[in-house]
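What follows is one structure encoded as structure tokens, with my remarks underneath.
Since the model is a prediction, treat every value here as computed from it, not as a measurement.
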Amino acid sequence: MADQTSLLLASQMAFGASGLVGRHVTWSDADGEIHKGVVSGVTFGASGPVLDIGGTEVPLANVVSVTDGTSTPDATTDSDSD
């Protein structure tokens with residue numbers, strides 16, 4: 001039962017992370033700095049989904065907000081590459 005629950009959770013995380021492609025996100029890095037950017041892709045590793053944001057790999061657990069792009073999240077550093 002525990003294995004099935006674990007697989008279900010992993011599937012839900014993967015599905016949720018895939019839905020973030022094209023969305024604006026805000027995340028904090030290891031130093032506590034806040035960044036923002038647009039998710040361009042997702043990879044799935046042993047530790048869970050990792051977002052590609054302007055060439056930066058961001059673990060899904062580091063994301064603090066998600067928007068559709070019509071409102072800009074507050075951030076100190078912008079990782080968008082226009």
Side-chain angles (χ1 to χ4, degrees):
M1 182 76 155
D3 287 342
Q4 290 176 343
T5 302
S6 180
L7 288 173
L8 179 60
L9 178 59
S11 295
Q12 288 177 329
M13 286 182 62
F15 182 72
S18 296
L20 295 178
V21 174
R23 305 288 297 263
H24 292 255
V25 297
T26 302
W27 77 94
S28 78
D29 64 18
D31 296 326
E33 280 191 61
I34 300 296
H35 304 272
K36 66 177 182 171
V38 177
V39 179
S40 59
V42 181
T43 57
F44 304 97
S47 61
V50 177
L51 308 179
D52 178 358
I53 306 171
T56 301
E57 293 185 346
V58 178
L60 182 60
N62 290 22
V63 173
V64 295
S65 70
V66 179
T67 66
D68 61 7
T70 58
S71 61
T72 305
D74 293 333
T76 58
T77 305
D78 189 350
S79 292
D80 283 336
S81 53
D82 292 326

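In terms of heavy atoms, S28 sits closest to I34 at CB-CD1, 3.7 Å. Between R23 and T67 the shortest heavy-atom distance is NE-O, 3.3 Å. G41 and V21 get closest at one heavy-atom pair: CA-CG2, 4.2 Å.
Once rounded to the nearest 0.5 Å, the distance linking OG of S40 with CG of L20 reads 12.0 Å. Rounded to the nearest 0.5 Å, atoms OG1 (T56) and CG (N62) are 11.5 Å apart. Note that CZ of F44 is 9.5 Å distant from CG of L60, once rounded to the nearest 0.5 Å.
Between the side chain of D31 and the backbone N or O of E33 there is no donor-acceptor pair closer than 3.5 Å.
Side-chain contact annotation: D68 with H24, donor-acceptor N/O pair under 3.5 Å absent.
Counting only heavy atoms from C-beta outward, the side chains of I53 and W27 approach each other to under 4.5 Å.
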| task | Kindly determine whether V63 and L51 satisfy side chain to side chain contact (heavy atoms under 4.5 Å, CB included), including the steps that lead there. | result | CA-CA 9 Å; V63 173; L51 308 179; 3.6 Å; yes
